[in-house]
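As structure tokens, the structure follows; a few thoughts come after it.
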Protein chains: 2
Amino acid sequence: MTTSSQSNSNDIEEGLTFSPKFDASGLVTVVATDVASGDVLMVAHMNDEALRKTIASGEAWYYSRSRKSLWKKGETSGHVQRVIEMRMDCDQDAIWIRVEQTGAACHTGRRSCFYRKIDATDGGTRLSFVDADRLFDPAKIYRK
Amino acid sequence: MTTSSQSNSNDIEEGLTFSPKFDASGLVTVVATDVASGDVLMVAHMNDEALRKTIASGEAWYYSRSRKSLWKKGETSGHVQRVIEMRMDCDQDAIWIRVEQTGAACHTGRRSCFYRKIDATDGGTRLSFVDADRLFDPAKIYRK
């Protein structure tokens with residue numbers, strides 16, 4: 001590592017300048033947690049515009065990689081995320097937001113996208129449902 | 001969306017088959033939270049081998065994109081992460097692990113990598129330190 005890159009690395013990690021490190025697609029990873037329960041609600045991405053809109057509005061905007069478009073969380077569903085706190089990580093390529101989630105964060109209707117546990121079994125690895133009640137779209141509730 | 005992709009999407013989202021969706025680099029995003037405080041400790045990546053080793057050993061292994069190598073968390077520092085629970089997200093490209101963190105998760109010495117808040121100011125966006133005490137490497141403590 002050169003002195004120059006060490007210095008830059010130190011600025012990024014120890015400085016107070018907001019300088020998000022976008023990846024090759026222009027995105028940073030964002031983790032949204034529920035400010036009340038602490039649960040992880042979702043992992044998504046923001047581009048520069050989504051980040052600016054989130055900071056300016058206090059509500060979460062994301063960038064959809066599949067739809068290739070900016071997206072305000074809850075714009076159609078009403079399930080908005082009010083941002084209580086935003087945190088930057090050491091190398092400034094990931095952001096943690098604590099939010100007040102209206103309704104459900106997951107498009108499947110669950111409060112959180114993480115509604116399945118991963119467990120080791122004798123034969124390999126299996127998922128099992130946990131906290132998987134749907135808060136909307138009851139017609140599509142999973143049938144055991 | 002075709003019927004075929006809908007069916008696949010439904011299996012991935014509603015099924016109990018463990019089928020992580022690795023990105024073009026063979027990685028899934030992993031969020032580690034502190035099982036006691038609920039705080040996000042770090043965001044990192046696992047490849048297939050890291051994921052298998054984590055599930056088999058009950059301690060977190062990651063894949064370092066910068067070093068291009070498998071990495072057991074705490075292998076040199078002793079700051080291991082004991083995995084209490086693993087969760088898969090809806091589209092199986094992100095994993096949430098609740099861990100018991102020995103010492104500090106961040107290489108800068110802080111408990112969490114997210115030791116700076118992001119705040120809007122009149123002139124733009126600034127960071128400020130929060131929960132930024134170092135648990136190791138005191139010689140390098142940030143000097144105001």
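Everything numeric in this text was worked out from a predicted model, so none of it was measured. Reminder, nothing fancy here: chain letters follow the sequence lines and each chain counts from 1.
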Can you tell me how far the [atom1] atom of [X] sits from the [atom2] atom of [Y], to the nearest 0.5 Å?
X       : Y        : atom1 : atom2 : answer
B/Trp96 : A/Ile118 : CH2   : CD1   : 12.0 Å
A/Ser19 : B/Leu127 : OG    : CG    : 7.0 Å
B/Leu16 : A/Asp119 : CG    : CG    : 11.0 Å
B/Met86 : A/Lys117 : CE    : NZ    : 12.0 Å

Side-chain heavy atoms under 4.5 angstrom apart, residues restricted to Ile, Leu, Val, Met, Phe, Trp, Tyr: same cluster for [X] and [Y]?
X       : Y        : value
B/Val40 : B/Tyr115 : no
B/Val30 : B/Val35  : no
B/Ile97 : B/Val28  : yes
B/Val43 : B/Leu27  : no

| message | Tell me whether A/Arg134 is salt-bridged to B/Glu13, with the criterion being a basic N under 4.0 Å from an acidic carboxylate O. | response |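 Result for this pair is no, no salt bridge flagged.
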| query | Would you call A/Arg116-B/Asp89 a salt bridge at under 4.0 Å N-O? | reply | no
| query | Can you tell me if B/Arg87 uses its side chain to pair, donor with acceptor, with the backbone of A/Phe114 under 3.5 Å? | reply |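 Yes, B/Arg87 side chain to A/Phe114 backbone: donor-acceptor pair under 3.5 Å.
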Among [options], single out the residue with the greatest number of heavy-atom pairs under 4.5 Å to chain B.
options                    : value
A/Arg98, A/Met88, A/Arg126 : A/Met88
A/Gly38, A/Cys90, A/Ala94  : A/Cys90
A/Thr33, A/Ile95, A/Thr29  : A/Ile95
A/Asp91, A/Val130, A/Asp93 : A/Val130

Tell me, side chain or backbone of [X] under 4.5 Å from chain B's heavy atoms, or both, or neither?
X       : value
A/Asp34 : neither
A/Asp39 : both
A/Val31 : side chain

| request: With a 4.5 Å heavy-atom cut-off (strictly below), which parts of residues 46-84 of chain B touch chain A? List them by number. | output: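 The list, in residue order, reads B/Ile55, B/Arg65.
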| task | Go through A/Thr108 and B/Glu14 one step at a time and tell me if the side-chain contact (heavy atoms from CB on, under 4.5 Å) criterion holds. | result | CA-CA 9 Å; A/Thr108 68; B/Glu14 302 302 330; 4.0 Å; yes
